[in-house]
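The structure appears below as structure tokens.
Side chains included, hydrogens not; waters and symmetry mates left out as well; all remaining heavy atoms used.
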Amino acid sequence: MSDRIKLAEKEEERRIWHSPDIVALCIDSYNGERQEGRIYHQYTDTPLCFASLTAAFLQMDAFYDAICFPFASVRPRSFFIDRKAADAARKSRKMPKLPEYKRKDLVVMEAFEDVIKHRGEDATFIVRVQHRQHASWQGEVTWIDGQKKESFRSALELVRLIDGALNGEDKAFGQ
């Protein structure tokens, strides 16, 4: 393998590991149904605790919304609108402007290297969501304890990978 290819692979690895949306998902307990643990990222100095994987995913999604990365391709919709404003817009024939996502001013509270050093009592996963398309997540997850990395195409596939790793299914993560 040429030096140029090795350098390109090293650069790709660095880019992956220093992405602002990297989350350390630390599972402290798992009873076959419910995963409890903590989430760490660079923009908080205290862990975000969760009592289920669903709660963890909701906290992660809120984090991605806060940093606007990766940008969600689908916006939440609501049937509850301000009727007076809608009527006024219709009469003036001007469509109301959609609220734009604005990145919150977040300060790095913990060095990236410290974020990925956190460990859960049962398992630890480093999650990198690369895209939020088709109302789901796409990215890659590294199972620290099993020393394996796998790509996922949806949040459901991520749940299956995590659940398989917690249940001791080595085939859940490919090589």
Side-chain angles (χ1 to χ4, degrees), residues 9 11-77 101 103-104 106 108-175:
E9 287 176 357
E11 175 62 23
E12 178 66 18
E13 184 178 330
R14 185 193 69 75
R15 194 171 346 156
I16 289 170
W17 283 107
H18 287 85
S19 182
D21 65 328
I22 294 288
V23 170
L25 185 66
C26 302
I27 309 291
D28 292 329
S29 69
Y30 176 64
N31 65 5
E33 271 184 37
R34 179 170 253 176
Q35 305 86 352
E36 294 181 8
R38 299 161 282 128
I39 298 171
Y40 294 90
H41 57 74
Q42 290 180 298
Y43 303 101
T44 183
D45 54 354
T46 58
L48 303 172
C49 297
F50 59 89
S52 70
L53 206 51
T54 303
F57 280 20
L58 288 172
Q59 289 179 353
M60 290 168 62
D61 206 42
F63 166 62
Y64 301 139
D65 284 342
I67 65 170
C68 295
F69 185 78
F71 192 76
S73 65
V74 178
R75 292 183 182 187
R77 297 180 188 176
Y101 286 111
R103 177 175 270 169
K104 293 182 180 175
L106 299 174
V108 174
M109 303 291 283
E110 187 172 24
F112 179 80
E113 291 75 18
D114 294 333
V115 169
I116 61 174
K117 286 181 185 175
H118 293 287
R119 296 292 178 260
E121 293 175 23
D122 284 355
T124 304
F125 302 93
I126 304 297
V127 180
R128 176 179 175 240
V129 175
Q130 295 170 291
H131 307 283
R132 293 193 297 164
Q133 298 174 344
H134 312 291
S136 194
W137 296 348
Q138 299 81 37
E140 58 189 27
V141 58
T142 304
W143 178 23
I144 299 298
D145 309 308
Q147 298 181 355
K148 296 179 181 178
K149 182 189 244 182
E150 188 69 39
S151 295
F152 58 90
R153 296 168 292 199
S154 68
L156 179 60
E157 190 173 356
L158 177 59
V159 168
R160 288 182 178 158
L161 288 168
I162 291 171
D163 195 52
L166 290 170
N167 285 321
E169 299 170 11
D170 287 338
K171 61 184 175 182
F173 275 74
Q175 278 290 67

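- Residues Gly120 and Asp28 come closest through the heavy atom pair CA-OD1, 3.4 Å.
- The shortest side-chain heavy-atom distance between Gln42 and Met109 does not fall under the 4.5 Å cut-off.
- In this structure, Asp122 contributes its side chain and Tyr30 its backbone to a donor-acceptor pair below 3.5 Å.
- Side chain of Arg38 to backbone of Arg119: a donor-acceptor contact under 3.5 angstrom is found.
- A heavy-atom distance below 4.5 Å is found between the side chains of Glu110 and His118.
- To the nearest 0.5 Å, the span separating CG on Leu166 from OG on Ser29 amounts to 10.0 Å.
- No donor-acceptor pair closer than 3.5 Å links the side chain of Asn167 to the backbone N or O of Glu169.
- Side-chain atoms of Asp21 do not come within 3.5 Å of backbone N or O of Phe69 as any donor-acceptor pair.
- To the nearest 0.5 Å, atom CD of residue Glu121 and atom CD of residue Glu36 are 10.5 Å apart.
- Atoms CD1 and CG, on Ile27 and Asp163 in that order, are 10.0 Å from each other to the nearest 0.5 Å.
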Kindly indicate, with the supporting measurements, whether the criterion side chain to side chain contact (heavy atoms under 4.5 Å, CB included) is fulfilled by Ile126 and Trp143.
CA-CA 7 Å; Ile126 304 297; Trp143 178 23; over 6 Å; no

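- Counting heavy atoms from C-beta outward, Glu150 and Lys148 have side chains that stay 4.5 Å or more apart.
- The local environment of CD in Glu33 is sparse, with at most 12 non-hydrogen atoms from other residues, nucleotides or ligands closer than 6.0 Å.
- When all heavy atoms are compared, the tightest approach of Ala135 to Val74 is N-CG2, 3.9 Å.
- Counting only distance, with no hydrogens or angles, the side chain of Ser136 and the backbone of Ala155 share a donor-acceptor pair below 3.5 Å.
- Formation of a donor-acceptor pair under 3.5 Å by the Thr44 side chain with backbone atoms of Thr46 is found in this model.
- Contact annotation: the side chain of Glu140 approaches that of Lys149 to within less than 4.5 Å [non-hydrogen atoms, C-beta and beyond].
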Side-chain atoms of residues 47-64: list all donor-acceptor pairs with protein atoms under 3.5 Å, sequence neighbours left out, distances to 0.1 Å.
{"residue": "Ser52", "atom": "OG", "partner": "Ala55", "partner atom": "N", "Å": "3.2"}
{"residue": "Gln59", "atom": "NE2", "partner": "Cys49", "partner atom": "O", "Å": "3.1"}
{"residue": "Asp61", "atom": "OD1", "partner": "Arg132", "partner atom": "NH1", "Å": "2.8"}
{"residue": "Asp61", "atom": "OD1", "partner": "Trp137", "partner atom": "NE1", "Å": "3.3"}

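- The two residues Cys26 and Thr124 have their closest heavy-atom pair at SG-CG2, 4.3 Å.
- For the atom pair Ile162 CD1 and Leu25 CG, the distance stands at 5.0 Å (nearest 0.5 Å).
- Side-chain atoms of Ser154 come within 3.5 Å of backbone atoms of Glu157 as a donor-acceptor pair (strictly under, hydrogens ignored).
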Intermediate values then yes/no, side chain to side chain contact (heavy atoms under 4.5 Å, CB included), Tyr40 and Val23:
CA-CA 6 Å; Tyr40 294 90; Val23 170; over 6 Å; no

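- For the atom pair CD (Gln35) and CZ (Phe125), the distance works out to 9.0 Å, reported to the nearest 0.5 Å.
- Proximity of Phe152 to Val129: side-chain heavy atoms (C-beta onward) are separated by under 4.5 Å at one or more points.
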